[in-house]
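To start, the structure itself, in structure tokens.
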Amino acid sequence: MKNAELYERLNHLRDLKYCDMQKKIIPTVPPESIIGVRTPELRVLAKELLKTGAYQDFLKQLPHTYFEENQLHAFILSELKDPDICMDELEKFLPFVDNWATCDQMSPKVFKKHKQMLLGHIEEWIKSDQTYTVRFGVGMLMGHFLDEDYDPAYPAMVARLRSDEYYVNMMIAWYFATALAKQYDSVLPFMEKRKLDDWTHNKAIQKSVESRRLTDAQKQYLKSLKVKK
């Protein structure tokens, strides 16, 4: 599929009200780069590109012009079957990810069966100076290493992160809120000993209190650990 044909398809799928909403909730991308195509439509288009093989040329066209192209790229990578190819393409794409939506909606399924491979890359991603590379790394750690593959070393890795970036700190808070829900006894000491910066610490507690996966007693105790300002 050539660029002109792709842009025609995207514009045909455009929803102006959705476009206006997207511009408000994704402030890090230029408003003019948002066409306004809903996620289900983009996922269908991504599967079409995968089925026809047209995705191979599309993945080479970096940087993209439109937000929706980045979304398509993320959805295509999420469906690739070969772990080595997927990782190679992911490493090429991450430097161009410039917003939370593309970052968070990109979740390659193939890594569920190749977690050790993924872990090595996560350790490098979270050392990056790129906001969304770090956010993606923490997100992958949250998505794949809080259940049977959990190790207390993983929240320790996240707790050591320090950033001035809102979208990094929000992901750290989300990680710890999820970790508390899944590994409460192991993760609680990170909150008790205030291993996070004050803002992220309090945000993690806020998100935990909003969760349905913790007991009322656990929530009350976490509230008592909030940093008073």
Side-chain angles (χ1 to χ4, degrees), residues 26-29 46 55 59-64 67 69-183 186-187 190 195-197 199-201 203-204 207:
I26 309 174
T28 59
V29 300
Y55 76 93
L59 294 182
K60 298 174 184 177
Q61 297 167 12
L62 289 170
H64 296 304
F67 164 73
E69 290 178 286
N70 283 326
Q71 290 288 85
L72 273 177
H73 204 122
F75 297 150
I76 288 168
L77 295 188
S78 296
E79 299 294 333
L80 293 180
K81 307 296 186 185
D82 185 300
D84 294 314
I85 292 175
C86 184
M87 186 60 76
D88 183 54
E89 293 296 341
L90 182 57
E91 292 283 14
K92 293 175 185 176
F93 181 52
L94 276 174
F96 297 98
V97 176
D98 60 359
N99 68 90
W100 66 264
T102 302
C103 179
D104 295 0
Q105 290 181 305
M106 181 165 57
S107 185
K109 298 174 183 177
V110 70
F111 294 147
K112 291 179 181 178
K113 295 182 179 179
H114 299 275
K115 291 186 179 181
Q116 285 308 118
M117 172 191 186
L118 176 62
L119 185 59
H121 288 268
I122 288 173
E123 291 170 347
E124 294 303 313
W125 293 333
I126 66 174
K127 298 175 186 175
S128 173
D129 60 358
Q130 299 293 312
T131 297
Y132 296 99
T133 299
V134 178
R135 184 179 171 103
F136 182 75
V138 177
M140 288 292 97
L141 203 58
M142 179 175 69
H144 293 282
F145 296 94
L146 281 179
D147 295 302
E148 65 273 9
D149 295 293
Y150 171 77
D151 188 298
Y154 303 151
M157 285 167 48
V158 180
R160 286 193 292 269
L161 292 174
R162 289 295 180 270
S163 176
D164 295 327
E165 294 288 342
Y166 171 82
Y167 288 103
V168 169
N169 290 329
M170 278 297 295
M171 178 56 80
I172 295 171
W174 185 8
Y175 172 88
F176 272 92
T178 306
L180 283 164
K182 293 190 171 188
Q183 302 287 346
S186 176
V187 175
F190 288 90
K195 294 293 187 179
L196 309 178
D197 67 79
W199 186 91
T200 309
H201 173 95
K203 184 60 68 173
K207 286 180 168 291

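For the numbers below, each heavy atom of this structure counts, side chains included, while hydrogens, waters and symmetry mates do not.
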Legend entry - Leu77 to Leu90 - nearest heavy-atom pair and separation: CD1-CA, 3.9 Å
Legend entry - Minimal non-hydrogen separation, Ile85 against Asp82, with atom names: N-OD1, 3.0 Å
Legend entry - Point-to-point distance, once rounded to the nearest 0.5 Å, from CE of Met170 to CH2 of Trp199: 5.0 Å
Legend entry - Close side-chain approach of Trp174 and Val138, heavy atoms under 4.5 Å: no
Legend entry - OH-CD distance between Tyr154 and Glu123, expressed to the nearest 0.5 angstrom: 7.5 Å
Legend entry - Close side-chain approach of Lys207 and Phe176, heavy atoms under 4.5 Å: no
Legend entry - 4.5 Å side-chain heavy-atom contact, Val158 and Phe190: no
Legend entry - Expected output: side-chain Thr28 to main-chain Asp98 donor-acceptor under 3.5 Å: yes
Inset, instruction - Determine the minimum heavy-atom distance between Ala204 and Leu196, stating which atoms define it. - result: CB-CD1, 4.5 Å
Inset, instruction - Say whether, by atom type as modelled, one donor and one acceptor occur between the side chain of Gln183 and the main chain of Leu146 under 3.5 angstrom. - result: yes
Legend entry - Side chain to side chain, Leu94 and Gln130, heavy atoms closer than 4.5 Å: no
Legend entry - Asn70 side chain to Val97 backbone, donor-acceptor under 3.5 Å: no
Legend entry - Straight-line distance of Glu69 CD to Phe96 CZ, nearest 0.5 Å: 12.5 Å
Legend entry - Spacing of Met171 atom CE and Cys103 atom SG [to the nearest 0.5 Å]: 5.5 Å
Legend entry - Met140 and Ser107, any side-chain heavy atoms less than 4.5 Å apart: yes
Legend entry - Between Thr102 and Tyr132: side-chain donor-acceptor atoms closer than 3.5 Å: no
Inset, instruction - Of all the heavy-atom pairs spanning Phe93 and Leu62, show the shortest one and how long it is. - result: CD1-CD2, 3.8 Å
Inset, instruction - Can you see which heavy atom on Met106 is nearest to which on Phe136, and at what distance? - result: O-CE1, 3.1 Å
Inset, instruction - Could you tell me whether the side chain of Arg135 reaches within less than 4.5 Å of the side chain of Asp104, counting heavy atoms only? - result: yes
Inset, instruction - Kindly check if the number of other-residue, nucleotide or ligand heavy atoms within 6.0 Å of NZ (Lys112) is above 12? - result: no
Legend entry - Minimum heavy-atom distance between Tyr150 and Pro155, given as atom pair plus value: OH-CG, 3.5 Å
Legend entry - Flag side-chain contact, heavy atom, 4.5 Å: Leu59 against His73: yes
Legend entry - Spacing of Leu180 atom CG and Ser186 atom OG [to the nearest 0.5 Å]: 10.0 Å
Legend entry - Any donor-acceptor pair under 3.5 Å from Thr133 side chain to Trp125 backbone: no
Inset, instruction - Step through the shown structure and confirm whether more than 12 heavy atoms of other residues, nucleotides or ligands are within 6.0 Å of OH on Tyr166. - result: no
Legend entry - Gap separating the CG atom of Leu141 from the OG1 atom of Thr178, nearest 0.5 angstrom: 11.0 Å
Inset, instruction - For the residue pair Asp149 and His144, establish whether any side-chain heavy-atom pair is separated by less than 4.5 Å. - result: no
